[in-house]
A.B. asks: 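The structure that follows is given in the form of C-alpha cells.
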Amino acid sequence: TLPEATLTPQKTGLLIGGDSGTVRYTLTDWDQLLALITATPVTSAGWIIANSRRTPESVSNRIAALANRCPQITFMDVRTAGPGTLASLFAASSAIAVTVDSSSMISEAIWAQRPTVALTPALALLPPMEQGYRAYLAQNGWLVTLPLATATAAALRDALRNVTPITTNPLDDLASLIAARVPQLFAERTVEPPNTL
C-alpha cells in the first residue's frame, strides 16, 4: 500500500546512504550535503531525514546535532529508530531527495509517488545495469539527478519541478509486465475434481 500524504504542511524527505560499490563520498561531499540541509529549506515545513546503516557515524552525528538545535529538521536515526520507519517519512514528505548510492531507496521514493531527486557525489560511477535502470527512471520523468557540488536549495527546487511522479502502483505494473512476457503464468487452468471411486 502506498503511503498517503498527510494534511499538515509537508516536509522535504532526505534519504542518506553511504559508500556502496563504485560510489564513494568524500568529506567535501558530506559537507555539501550538510550545507544543503542547513540552507533555506526546500519547503517551509523543513526537512525529515533518515540515514542508513552505511551512513558514516560522523555524518549521522552531525545531522543529529543539527536536528537538536533546528526545529525544522526531523531526524529518523536508524541507529535508534531501527528499520521499518520510512513509511512515516514518505507520508510526511511532499518530495524526496536521495543519495545516489541506493537503488532501493530511490525506487521506494518513486513508488511512494513522490517527486524524487538523486544527489550525486563527485566519485560516482554506477555499474552498467544500474546505469540502465536509472536511465529508465529518468526517461520516464520519475527521477532527476543533481550533483552535490551544485545542490543548493534553489537547484533542488528546480530539479523537483522537472520530475513527474509515477501515478500507478508499481506492483500492478510489474504484474502486467509479467503477464505480457509470460502469459502462461496467468492462464486459467481447469482443475479436475478428484476421483473418489
Side-chain angles (χ1 to χ4, degrees), residues 1-6 8-127 130 133-134 143 145-149 151-153 156 160:
T1 303
L2 295 173
E4 294 294 329
T6 61
T8 56
Q10 292 199 291
K11 295 177 179 285
T12 301
L14 175 58
L15 304 178
I16 302 174
D19 289 350
S20 175
T22 54
V23 178
R24 292 286 181 268
Y25 294 86
T26 65
L27 181 57
T28 299
D29 295 316
W30 292 123
D31 287 344
Q32 289 165 341
L33 181 63
L34 269 289
L36 175 64
I37 295 169
T38 55
T40 304
V42 179
T43 68
S44 60
W47 293 96
I48 180 167
I49 302 170
N51 57 351
S52 78
R53 297 292 180 193
R54 291 195 319 277
T55 307
E57 190 87 0
S58 60
V59 174
S60 293
N61 290 341
R62 290 172 69 185
I63 296 168
L66 277 176
N68 283 335
R69 64 177 185 263
C70 181
Q72 286 192 304
I73 297 174
T74 301
F75 183 34
M76 302 171 64
D77 193 341
V78 70
R79 297 173 299 177
T80 54
T85 57
L86 288 187
S88 58
L89 182 146
F90 293 139
S93 302
S94 58
I96 309 287
V98 187
T99 56
V100 77
D101 52 274
S102 175
S103 282
S104 61
M105 290 195 303
I106 289 171
S107 298
E108 287 181 70
I110 290 171
W111 296 342
Q113 300 179 337
R114 301 298 187 265
T116 303
V117 171
L119 301 172
T120 308
L123 303 174
L125 179 62
L126 297 172
E130 285 296 312
Y133 176 59
R134 306 299 175 86
L143 179 70
T145 300
L146 179 65
L148 278 169
T152 61
L156 182 53
L160 288 167

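The figures here come from the full heavy-atom set of this structure, side chains too, leaving out hydrogens, waters and symmetry mates.
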A.B. asks: With sequence neighbours excluded, tell me which residues meet side chain to side chain donor-acceptor pair (under 3.5 Å) with R54.
C.D. replies: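 Side chain to side chain donor-acceptor pair (under 3.5 Å) list for R54, sorted by chain: D101.
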A.B. asks: Looking at CZ of F75 and SG of C70, how far apart are the two atoms once the value is rounded to the nearest 0.5 Å?
C.D. replies: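 Rounded to the nearest 0.5 Å, the CZ-SG separation comes to 13.5 Å.
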A.B. asks: Under the side chain to side chain donor-acceptor pair (under 3.5 Å) rule, collect the residues that match up with S107, sequence neighbours excluded.
C.D. replies: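 Y133.
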A.B. asks: Any heavy-atom pair between the side chains of T38 and R62 that's under 4.5 Å?
C.D. replies: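 SC-SC contact between R62 and T38 ruled out.
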A.B. asks: Quick one: list whatever passes side-chain contact (heavy atoms from CB on, under 4.5 Å) with T55, sequence neighbours left out.
C.D. replies: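 Here the qualifying residues are I16, N51, S52, V59, S60.
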A.B. asks: Ring pair (Phe, Tyr, Trp, His ring centres under 6.0 Å): which pairs involve residues 12-33, sequence neighbours left out?
C.D. replies: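 Every pair satisfying ring pair (Phe, Tyr, Trp, His ring centres under 6.0 Å) with a residue in residues 12-33: Y25-W30.
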A.B. asks: Walk me through whether L89 and M76 qualify under side-chain contact (heavy atoms from CB on, under 4.5 Å).
C.D. replies: CA-CA 8 Å; L89 182 146; M76 302 171 64; 3.8 Å; yes
A.B. asks: For T26, which residues count as a side chain to side chain donor-acceptor pair (under 3.5 Å) partner, sequence neighbours excluded?
C.D. replies: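 For T26, the residues satisfying side chain to side chain donor-acceptor pair (under 3.5 Å) (neighbours in sequence not counted) are D29.
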A.B. asks: Looking at residues at least two apart in the chain, or sitting in another chain, which of them share a side-chain contact (heavy atoms from CB on, under 4.5 Å) with A95?
C.D. replies: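 A95 satisfies side-chain contact (heavy atoms from CB on, under 4.5 Å) with P115, L160 only.
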A.B. asks: Any side-chain heavy-atom pair from L14 and L33 closer than 4.5 angstrom?
C.D. replies: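 Contact flag for L14/L33 side chains = yes.
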A.B. asks: Have a look at L119 and tell me which of V98, L15, L36 forms a side-chain contact (heavy atoms from CB on, under 4.5 Å) with it.
C.D. replies: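 Looking at V98, L15, L36, the match for L119 under the side-chain contact (heavy atoms from CB on, under 4.5 Å) is L36.
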A.B. asks: Apply side-chain contact (heavy atoms from CB on, under 4.5 Å) to the pair L66 and I49, showing each step before the final yes or no.
C.D. replies: CA-CA 11 Å; L66 277 176; I49 302 170; over 6 Å; no
